[in-house]
Amino acid sequence: MSAILSRSIKTKPSAARTTATEARMAALSPGASSGWSVPAREAALARVQSMGLPQPRDEYWRFTKPQGLVQAEAPQAALFDPQEAPTFDQIDRVKIVFVDGVFSAEDSDPLELAGVSIERLAEATSDIHWAKDLYGVLEERGQDPVERPLAALNTWAATDGVLIRVSGKAEKPVSLIYRHESETSDVMLHHVIKLEEGAELTLLENGPAAARFNKVMEVEVADEARFHHVRTQGRDHERRAATHIFARLGRESLFKSFTLTANGVMTRNEAVIELTGDDAMAHVAGACMGDGREFHHDDTVFVTHDALNCESRQVFKKVLRNGATGVFQGKILVKEGAQKTDGYQISQSLLLDGDSTFLAKPELEIYADDVACSHGSTSGAIDEEAIFYLRSRGVDAETAQDLMTIAFLAEALDEIEDETLREALLERLTAWLERRRG
Amino acid sequence: MRKGKNMLEIKNLHVKLEEEDKQILKGVDLKVEAGKVHAIMGPNGSGKSTLSYVLAGREGYEVTEGEATLLGEDLLDMDPEERAALGVFLAFQYPVEIPGVGNMTFLRTAVNAQRKARGEEEMSSTEFLKVVREKAKALKIDAEMLKRPVNVGFSGGEKKRNEILQMAMLEPKLCILDETDSGLDVDAMKLVSEGVNALRDEGRGFLVITHYQRLLDHIKPDVVHIMADGRIIKTGGPELALEVEQNGYADLLAEVQ
């Protein structure tokens, strides 16, 4: 595999890559000039310079053109009024609002929650801070064996984000809301979340964020801690997003992440998860609906098993129509000694017409002999027999297709543990499909 | 509705398979009156199931000649859902499994879609639940089966009972039963037949397609048709079914040729 090759025969970036990287970096500056994060940012700068930003021929970017995500200026993105209440509005939560990447105190709740400390990255400027042990640290661990330069770029230049430290069971979710009000906003946010032993937190994210959004989230889940992440990515048709989640899991901990995406010309969601404590569980899932030739959605997941008796699940479903493209790159790496690993991965697409494309690269790499790992990837058209059956009962053709669409995505939505959240997203999905029918 | 009025009227219906350019129905004439049960029997490949699919509006068939009307309206021009709203119901020989769609959701969507198409008010969820439970109970369909995805993991008998439940909920004008007895043991056949008989009504016509006479012991037909090679070759009373049971189709076929 060339990703591994590129590590073993490390050479200097090509001239073209260096030029492109320098052009992008010229538009940026370090996200902080003093305080605890400076060394991490400087180290990240060196990483970006040595790796260079992604180029079209990179193996890891074979199915997704990096151009719009790496070019110096963010491509303009028109604002979109979805004419609906934002997701999670009915959920009791602590709201933290960023408008084009700028924190809005006015729209946010006080950053207070029992058992949870919440700070903003931009305001945490002291020389000593708990986040120092994680900021850029998990990102750097995630650079091997595959380079993720956009994440390093973010560590260097992120202007804000939240630092959340959870010591108990949070009584309600923390909710990050990303509004998009400028057609040219180019935003980098970096969050660090630390769940101490036995702690529990649900983190919600929603909104389009910016014309171009680069987000990194580093999550440390200590022994017996539980982290739930549910996100919807804003529906602005022209927005672009490159997001990374880096997670490290301790003994008997749980990490669950679910993402619902509809619209947005470009989305690359990477999740890099390391199971380092015995009996830990990591579940990552996503449901995506893509419509139109411009639409491109990429889920790239890398799960590393480095402990005994851990379980990981990847469940990704995409419904694509009118020339939309979906990508899934998913890997399970089982390190030597990670016995009794239970790894599962499924990626499926439902292609509603002959124009749409689904590209999948499922991978297993196993160095332990007592493991159960499986992966599957399918791509198929809608079941015409089922459509006829529904129509013969009086359901019109479009409603029948929508029922089948929701049924297809439901398996991914079922990965959300909290029933209220799951129902909320299911309702949202149903409403989107209904509105589409007009 | 006036008893004896023509519910379904099929004239000189010719149908071919689109893909194979193969003529399946070669001039079917049939009238089913409201309140009556018509049975169609015939050997394999005679075109019985094709007739049921063409009436329900399945794709893949081309009507090359003839017509079919329900209550005077041209069925062949309509989409399957329009036919359903007008009152056509086909109980499938092989009910389709739909993973991910709950049986209850499916039933409710169907009932309300038809009501909406007819300009009627949708059923409230409490009313719907009450009616479903009542009708399901008569068919020995438990709450668990209602919750499960449509037909997924159902036994052959459960699938057929589920078809009859849909029929009971949708209250169609014309019920077409396509080999509903296939795959049923004696007890299940009795249950299904009771469900069908409960729906017999002066305003409703039935077209029961079957290979065997045994179903007709439970669902007593008024008229029996014998179909062979894409045509109805003989029509008679219930005694015709017994004749087939005893002598097979060979004599009848020989008679015609």
Side-chain angles (χ1 to χ4, degrees), chain A residues 260 285-289 315-319 346 348-350 352-353 376 378-416 419 422-423 425-427 429-431 433-434 437-438, chain B residues 52-61 78-103 105-118 120 122 149-152 159 162-163 165-167 169-172 174-176 178:
Chain A
L260 176 65
C288 142
M289 289 202 301
V315 179
F316 289 87
K317 298 256 191 171
K318 298 178 201 282
V319 178
I346 182 97
Q348 295 182 309
S349 75
L350 177 63
L352 295 181
D353 52 53
T378 65
S379 192
I382 207 152
D383 179 357
E384 289 299 334
E385 279 292 309
I387 294 283
F388 172 62
Y389 191 63
L390 288 163
R391 294 181 73 188
S392 78
R393 299 304 183 241
V395 180
D396 68 80
E398 283 191 314
T399 307
Q401 193 183 63
D402 288 353
L403 271 176
M404 298 294 289
T405 300
I406 289 172
F408 175 79
L409 295 176
E411 200 189 327
L413 282 152
D414 283 346
E415 295 290 313
I416 304 171
E419 198 176 334
R422 187 172 62 237
E423 289 298 320
L425 292 194
L426 197 58
E427 261 171 45
L429 202 58
T430 311
L433 288 164
E434 264 167 25
R437 289 206 299 272
Chain B
S52 71
Y53 281 141
V54 169
L55 292 175
R58 186 188 166 117
E59 283 177 17
Y61 300 99
M78 293 183 191
D79 284 332
E81 57 269 31
E82 293 175 308
R83 299 178 198 211
L86 185 65
V88 176
F89 181 91
L90 168 64
F92 282 54
Q93 183 180 358
Y94 303 109
V96 181
E97 298 187 2
I98 314 183
V101 178
N103 214 8
T105 308
F106 165 65
L107 276 170
R108 196 165 164 213
T109 307
V111 167
N112 284 332
Q114 292 202 13
R115 289 187 163 223
K116 205 172 150 198
R118 291 194 291 257
E120 298 163 12
E122 295 193 357
V150 180
N151 294 325
V152 176
K159 283 182 182 170
N162 201 29
E163 293 292 286
L165 175 63
Q166 292 166 37
M167 192 161 94
M169 288 303 297
L170 294 169
E171 302 183 324
L174 174 71
C175 305
I176 307 168
D178 187 7

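Within every chain, numbering begins at 1; the chains are lettered A, B, ... in the order of the sequence lines, protein sequences first and strands thereafter. All values below were derived from every heavy atom in this structure, side-chain atoms included, with hydrogens, water molecules and symmetry-related copies excluded.
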Requested in this report: Below 4.5 Å from any heavy atom of chain A, which atoms of B:Pro95 appear? Answer side chain, backbone, both or neither.
Outcome: both
Query - Region of B:Ala56 in contact with chain A, defined by heavy-atom distances below 4.5 Å - result: both
Report task. For residues 79-91 of chain B, pull every pair meeting salt bridge (Lys or Arg N to Asp or Glu O under 4.0 Å), keeping only residues two or more places apart or in separate chains. Result -> A:Arg391-B:Asp79, A:Arg391-B:Glu81
Report task. To the nearest 0.5 Å, tell me how far B:Glu163 CD sits from A:Tyr389 OH. Result -> 3.5 Å
Report summary line: Hits for side-chain contact (heavy atoms from CB on, under 4.5 Å) against B:Ala84, two or more places apart or cross-chain, chain-then-number order -> B:Gln114
Requested in this report: Sort by residue number and list every member of residues 402-413 of chain A having a non-hydrogen atom under 4.5 Å from chain B.
Outcome: A:Leu403, A:Met404, A:Ala407
Requested in this report: Find the one option among B:Gly57, B:Gly100, B:Pro80 whose heavy-atom pairs under 4.5 Å with chain A are most numerous.
Outcome: B:Pro80
Query raised in the report: CD1 of A:Ile387 to CD of B:Glu59: how many Å apart, nearest 0.5 Å?
Result: 10.0 Å
Report summary line: Most contact-rich option vs chain A, by heavy-atom pairs under 4.5 angstrom, among B:Val96, B:Leu90, B:Leu170, is B:Val96
Query raised in the report: Would you call the rings of A:Phe388 and B:Tyr53 parallel, tilted or perpendicular if under 30° counts as parallel and over 60° as perpendicular?
Result: perpendicular
Query - Side chain, backbone, both or neither of B:Asn151 within contact of chain A (heavy atoms, under 4.5 Å) - result: side chain
Query raised in the report: Can you tell me if CD on B:Glu120 sees more than 12 non-hydrogen neighbours from other groups inside 6.0 Å?
Result: yes
Query raised in the report: Who pairs with B:Thr109 by side chain to side chain donor-acceptor pair (under 3.5 Å), at least two apart in sequence or on another chain?
Result: none
Report task. Heavy-atom distances under 4.5 Å only: say whether B:Val150 touches chain A with side chain, backbone, both or neither. Result -> side chain
Requested in this report: Please lay out, stage by stage, how A:Glu385 and B:Tyr94 fare under the test side chain to side chain contact (heavy atoms under 4.5 Å, CB included).
Outcome: CA-CA 11 Å; A:Glu385 279 292 309; B:Tyr94 303 109; over 6 Å; no
Query - Toward chain B, the part of A:Ala400 with a non-hydrogen atom under 4.5 Å - result: neither
